[in-house]
Amino acid sequence: MTKAGFCKYPMSDFKKIIATKDQIEEIVSRMAGQISERYMGKNLLVCGILKGAFVFMSDLVRHMSVPAKMAFVKASSYGSGASSSGDVKITEFSDLAECRDLDVLVIDDILDTGRTFCSLKEFFYAKGAADVEFCALLDKPERRELEIPVSYIGKKIENEFVVGYGLDHNERYRNLPYIGALNLSACE
Ligand code: IMP
Ligand code: MG
C-alpha cells in the first residue's frame, strides 16, 4: 500500500519539490491572514481562475476570517503542454453581474507573463467592480511581460514548469498535495 496522497505519480516525473504540503499550508495561512485584514468590513467577492486555482482557493477561503462571496471564471492562456499561446480567453461560470460595487480579489495558482491578470482587471472593471486586486500562490518574475501590481504572492520561484496543488501539465498532476518542478523530458 502506498501512503495516501503521496505516490500518485512516479518521483522520476519531478526534478525537485518546490513546496511540500506543510510549506503550502504555512504560506496559505499567512496569505489568508493578510487578506482578512485588508478586507475587514468590505464587500468582498473572491474569484478563482479555473481550473488551476481550485485547490489553492478552497484552502485559502477556509483560512480567511472575513465573509466573502465566491465566483469562478475560466481563463486560458496555455494550450496543451508547457508553452503559452499568449491570448487569454475568459469564460464566466457564475453570475458576475453581481460583482457591481464589490471589491474583487482574483485568485490564480501562478503568475507568469501577467496576461491573465491584466485581462481580468479590464473584465471586472467593465462589470462595475469597485476595486480589483490579485493574489497568486506562485510567481515566476523572470517570465513577466506585462507589469501588474499583485497584492498577495505566496512564493517566488525560478523559471521552471511546476505542477501539483491544482497546477497541471496536460491535465495531469492537479491532485498532488505538494508542488514539484516537472521533468519535462520524462513526460514526452
Ligand atoms: P500568465 O497569463 O502568463 O500570467 O499565465 C498564468 C497561467 O499560466 C496560470 O493560470 C497557469 O494556468 C499557467 N501557467 C504558467 N506557468 C505554469 C506552470 O509552471 N505550470 C502550470 N501552469 C502554468
Ligand atoms: Mg491557469
Side-chain angles (χ1 to χ4, degrees), residues 8-11 13-21 23-24 27-28 31 46-61 70-94 96 104-126 132-188:
K8 294 186 190 3
Y9 303 92
M11 283 313 286
D13 285 7
F14 309 104
K15 287 197 281 191
K16 63 179 180 202
I17 303 300
I18 299 288
T20 64
K21 194 170 178 283
Q23 287 166 339
I24 295 172
I27 293 169
V28 171
M31 296 176 87
V46 178
C47 181
I49 304 180
L50 295 174
K51 298 178 198 169
F54 84 104
V55 181
F56 172 45
M57 177 166 155
S58 73
D59 282 345
L60 186 74
V61 295
M70 310 283 149
F72 291 96
V73 292
K74 184 169 167 61
S76 320
S77 62
Y78 270 66
S80 62
S83 62
S84 173
S85 65
D87 299 325
V88 179
K89 185 170 172 260
I90 299 171
T91 315
E92 293 181 35
F93 276 94
S94 328
L96 291 171
V104 178
L105 179 64
V106 183
I107 312 282
D108 206 358
D109 47 6
I110 190 163
L111 174 59
D112 190 34
T113 63
R115 288 181 188 282
T116 305
F117 276 166
C118 268
S119 304
L120 282 163
K121 190 175 175 178
E122 281 175 26
F123 176 84
F124 279 111
Y125 278 127
V132 184
E133 288 192 29
F134 297 100
C135 167
L137 178 63
L138 301 175
D139 178 17
K140 288 198 261 192
E142 267 180 60
R143 294 261 309 155
R144 197 81 76 257
E145 291 172 16
L146 301 177
E147 270 325 308
I148 176 148
V150 177
S151 309
Y152 310 97
I153 289 288
K155 184 179 165 79
K156 289 191 172 132
I157 63 167
E158 287 169 14
N159 183 12
E160 291 182 293
F161 197 83
V162 294
V163 293
Y165 199 69
L167 292 139
D168 78 307
H169 178 260
N170 289 343
E171 293 304 324
R172 297 184 80 224
Y173 307 104
R174 291 195 199 274
N175 63 338
L176 268 184
Y178 53 89
I179 298 168
L182 196 60
N183 185 2
L184 284 165
S185 57
C187 305
E188 277 153 12

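All ligand and atom numbering here is 1-based and tracks the order in the structure. Keep in mind that what you see is a predicted model, and the values were worked out from it rather than measured.
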Residue portion contacting ligand 1 (non-hydrogen atoms closer than 4.0 Å) for [X]:
| X | result |
| --- | --- |
| T116 | both |
| D112 | both |
| D109 | side chain |

Under 4.0 Å from a heavy atom of [X]: give me the atoms of ligand 1 that qualify, with their elements.
| X | answer |
| --- | --- |
| L167 | 20 (N), 21 (C), 22 (N) |
| D108 | 9 (C), 10 (O) |
| F161 | 17 (C), 18 (C), 19 (O), 20 (N), 21 (C), 22 (N) |
| K140 | 16 (N), 17 (C), 18 (C), 19 (O) |

Qualifying side-chain hydrogen bond (donor to acceptor under 3.5 Å, both in side chains) pairs, either residue in residues 150-161, two or more places apart: K16-E160, E133-S151
Looking at ligand 1, would [X] count as a contact under a 4.0 Å heavy-atom criterion?
| X | result |
| --- | --- |
| V163 | no |
| E160 | yes |
| H169 | no |
| D168 | yes |

Results of ring-ring contact (aromatic ring centres under 6.0 Å, His included) for F72 - residues two or more places apart only: none
Salt bridge K51-D109, side-chain N to carboxylate O under 4.0 Å: no
Greater than 12 external heavy atoms within 6.0 Å of E122's CD: no
K140 side chain reached by I110 side chain, heavy atoms, under 4.5 Å: yes
Close side-chain approach of V132 to L120, heavy-atom, < 4.5 Å: no
Minimum heavy-atom distance between R144 and D112, given as atom pair plus value: NH1-O, 2.8 Å
Minimum heavy-atom distance M31-A136, with the two atoms named: CE-O, 3.5 Å
Min N/O separation V162 to ligand 1 under 3.5 Å: yes
N or O pair under 3.5 Å between G114 and ligand 1: yes
F134/F124 under ring pair (Phe, Tyr, Trp, His ring centres under 6.0 Å): CA gap, chis, key distance, verdict: CA-CA 12 Å; F134 297 100; F124 279 111; 8.5 Å; no
